[in-house]
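Chain identifiers are assigned alphabetically (A, B, ...) following the order of the sequence lines, protein sequences preceding nucleic acid strands; residue numbering begins at 1 within each chain.
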2 protein chains.
Amino acid sequence: MERKGKANLEDIAKVTGVSKMTVSRVLRGGQGFSDETRDRVIAAADRMGYVPNRLAAAFNSVQASTLVGICVPRLTSGLFGHVLDGVDRALTRLGYQVMIGCNNHQPLEEEAWLRQVVSWRPAGVILSGRSHTPGAVELLHNAGMPVVEIWDLTTSPIDMSVGFSHYDCGVEVGQFLVRKGRRRAGYVGASSRADVMGQARMEGFSAALVLAGYPLVDREVLLDSPGFYAGYYGLETLLARRPDLDVVYFHNDEMAIGGLAYCQQRGIRVPEDLGIVGWGGMEAASVLPRRLTTTVVPTTLIGKQAAEALVARLKGEPVQDVTVIATRLVPGETG
Amino acid sequence: MERKGKANLEDIAKVTGVSKMTVSRVLRGGQGFSDETRDRVIAAADRMGYVPNRLAAAFNSVQASTLVGICVPRLTSGLFGHVLDGVDRALTRLGYQVMIGCNNHQPLEEEAWLRQVVSWRPAGVILSGRSHTPGAVELLHNAGMPVVEIWDLTTSPIDMSVGFSHYDCGVEVGQFLVRKGRRRAGYVGASSRADVMGQARMEGFSAALVLAGYPLVDREVLLDSPGFYAGYYGLETLLARRPDLDVVYFHNDEMAIGGLAYCQQRGIRVPEDLGIVGWGGMEAASVLPRRLTTTVVPTTLIGKQAAEALVARLKGEPVQDVTVIATRLVPGETG
DNA sequence: CTAAGGCAGTTTACCGGTAACGTAGCCAAG
DNA sequence: CTTGGCTACGTTACCGGTAAACTGCCTTAG
């Protein structure tokens with residue numbers, strides 16, 4: 001009769017001889033019952049292996065669900081792994097469940113994911129970047145739940161934004177390299193079609209160089225995933241065209257390490273013959289034979305702050321709309 | 001009256017002058033309505049920005065939800081990022097939503113996560129490893145949903161298993177190194193308390209060495225996260241005790257790369273003075289100055305197969321309980 | 001001409017939990 | 001003795017969607 005593990009409130013109510021409302025109150029830790037009733041209910045729930053049905057709870061009430069969605073551009077990037085970790089730690093602690101998604105840098109895929117997730121009536125969502133389809137924006141406005149845009153800062157967020165300016169990252173590197181005496185800079189990138197954030201870094205980089213009077217000499221942007229091989233072959237291609245470059249800024253650290261490998265193999269001395277600069281601050285970059293010059297992004301912190309902003313808004317606490325996270329240009333031995 | 005974005009089936013029904021059951025059938029692509037009715041309903045749903053309520057749908061019916069949970073030991077590991085990617089791609093394509101969790105290699109945290117997730121009545125879950133608390137196992141049995149244990153193979157899975165033997169990975173490396181003439185092997189690991197899988201690799205490694213007559217000389221296992229620094233300092237500590245080692249097997253590639261960095265810095269020639277072997281097959285390892293000898297694990301494939309096994313079981317298709325995924329020992333230039 | 005069957009729907013009941021409200025019993029103050 | 005308030009519950013209605021059963025109406029076969 002006491003079917004293990006499939007009991008619902010009513011079953012427990014029957015067994016303990018109270019109403020299911022009382023069971024509900026006890027199990028959610030409310031009040032309005034005697035200690036004796038509480039003990040009997042809890043014992044029965046335990047014995048019967050009661051598993052609450054959050055579907056029913058969330059479905060019924062205006063009370064927010066404990067579901068939070070997060071969509072990142074790529075799941076295989078080490079950086080986003082840390083972001084996810086920051087989000088997950090912060091939210092798990094508070095009793096939320098995290099639904100993930102990946103948009104491959106495509107706003108359309110983000111919208112498709114959003115439509116699925118919103119149909120679960122989540123408490124809020126975290127998105128990456130600030131490019132969204134009109135449909136996605138409308139959906140979010142109608143849903144009326146907290147939204148945090150992370151990674152790429154925007155001054156006019158849908159709701160809240162936690163991140164930094166990719167453009168400024170590029171500017172900072174450009175200025176740094178000019179100060180270090182570099183005059184003929186190149187850029188090697190890779191974008192799976194629509195990575196506007198990598199694009200922004202390059203634009204900032206280029207703008208800073210123009211301003212300093214030493215404009216970007218050449219660039220090579222591959223239509224490939226931004227990994228080690230793309231860095232290796234991208235640098236090879238670029239140097240074949242312009243052997244006179246004295247520094248190359250890469251889309252990210254993985255690619256920069258690929259570039260380093262190419263230099264090593266061709267006997268190009270780094271940083272004497274050629275400077276190499278990455279972006280992102282992946283751990284590997286700081287233990288390489290030559291410590292990579294790169295911009296360190298506090299990934300876990302971004303995830304944590306995003307989660308906290310979302311929860312604060314849910315609780316009705318005051319939250320600032322835009323949280324700026326400082327990145328750090330770390331001069332290594334390659335730039 | 002047509003409140004944008006908050007319409008439900010009944011609102012659409014009223015506007016189009018049919019019953020909500022008809023609207024439900026139309027929107028789910030069923031049958032039993034005229035083309036004209038269908039067009040009117042779809043137009044109204046579109047106009048009113050109808051967002052289906054999966055909470056209600058999943059709640060009501062025996063029909064499975066489209067939620068799948070996956071729990072990994074660490075979110076910051078590049079390997080699990082690829083596993084997640086494989087799972088996500090496979091499931092998204094089929095209309096499922098993915099809930100993530102992270103157990104930090106602790107079965108207790110896995111159980112806590114499971115209790116949360118099961119309360120959402122998911123269609124199935126994917127777990128990492130084969131160590132689970134009794135409470136978790138009971139919960140899963142009672143829930144009666146598909147369960148896939150990935151990463152570490154088990155011959156008696158709770159339900160299904162997709163992975164490989166960590167022990168065998170260690171054995172293979174041990175045999176390989178003995179064949180290459182190594183005689184005095186060491187091991188450098190790091191375990192945040194309860195990483196039984198890394199432990200299994202070391203045991204297999206050790207067993208193979210014993211069998212060959214050249215038992216493991218010494219090992220250094222740090223209580224730290226298995227990253228580059230742990231590899232660096234682990235090797236330093238180990239070599240301080242046993243400078244006569246001729247090869248060191250590392251917990252994973254990150255640590256092996258840290259070890260390589262240490263050798264580079266101390267002028268230890270690799271592989272002449274000391275062999276370095278990693279595990280995992282992270283991309284960086286194949287483009288380093290010296291290509292790392294390591295075991296490549298088809299991470300994305302594991303995620304994909306796990307997702308497919310789960311869905312097959314949901315559809316009632318025949319599925320084999322245990323799927324063995326082949327790992328590949330790739331001799332590089334360091335071992 | 002009538003029964004059978006198909007089409008295009010409608011109606012009803014229900015899923016499990018929760019908010020809101022109702023009520024019985026008890027005690028103390030007026 | 002009555003009233004009012006408190007405690008400890010019980011009752012009812014409802015959330016949004018879906019399965020299953022039901023209802024006219026029209027066509028077609030016998």
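- Between B:Asp35 and B:Arg40, none of the side-chain N atoms (NZ, or NE/NH1/NH2) sits under 4.0 Å from a carboxylate O, so this pair counts as no salt bridge.
- Between A:Ser34 and the phosphate of D:dC9, there is a side-chain N or O to OP1/OP2 separation shorter than 4.0 Å.
- Looking only at atom types and distance, the side chain of A:Thr133 has a donor-acceptor partner in the side chain of A:Glu111 under 3.5 Å away.
- For an aromatic pair to be called close, the ring centres must be under 6.0 Å apart, and A:Phe80 with A:His82 fails this.
- Ion pairing of A:Glu308 with A:Lys304 is present here, as a side-chain N (NZ or NE/NH1/NH2) and a carboxylate O approach within less than 4.0 Å.
- Listed by residue number, A:Met21, A:Thr22, A:Arg25, A:Gly32 are the residues of residues 21-32 of chain A with a heavy-atom contact under 4.0 Å to DNA chain D.
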message = Determine whether A:Asn53 and A:Phe59 satisfy the following criterion, side chain to side chain contact (heavy atoms under 4.5 Å, CB included), listing intermediate values before the conclusion.
response = CA-CA 10 Å; A:Asn53 187 338; A:Phe59 163 55; over 6 Å; no
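- Between A:Phe164 and A:Trp151, the ring planes are perpendicular. Angles over 60° get that label, and only those under 30° would be called parallel.
- Rounded to an integer number of Å, the gap from A:Lys20 NZ to D:dC9 C1' is 16 Å.
- For the pair A:Leu55 CG and D:dT18 P, the computed distance is 13 Å after rounding to whole Å.
- With the nearest nucleotide of DNA chain C identified for both B:Thr37 and B:Ala56, B:Thr37 has the one nearer the 5' end.
- Along DNA chain C, the stretch of nucleotides lying under 4.0 Å from any heavy atom of chain B spans, 5' to 3', C:dA8 to C:dG16.
- Heavy-atom distances to DNA chain C give each of B:Phe33 and A:Glu10 a nearest nucleotide, and the one nearer the 5′ end belongs to B:Phe33.
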task = Could you please spell out the steps behind the side chain to side chain contact (heavy atoms under 4.5 Å, CB included) verdict for A:Ile70 and A:Val125?
result = CA-CA 6 Å; A:Ile70 172 167; A:Val125 293; over 6 Å; no
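- Side-chain contact, B:Arg54 with A:Ser119: a donor N or O sits under 3.5 Å from an acceptor N or O.
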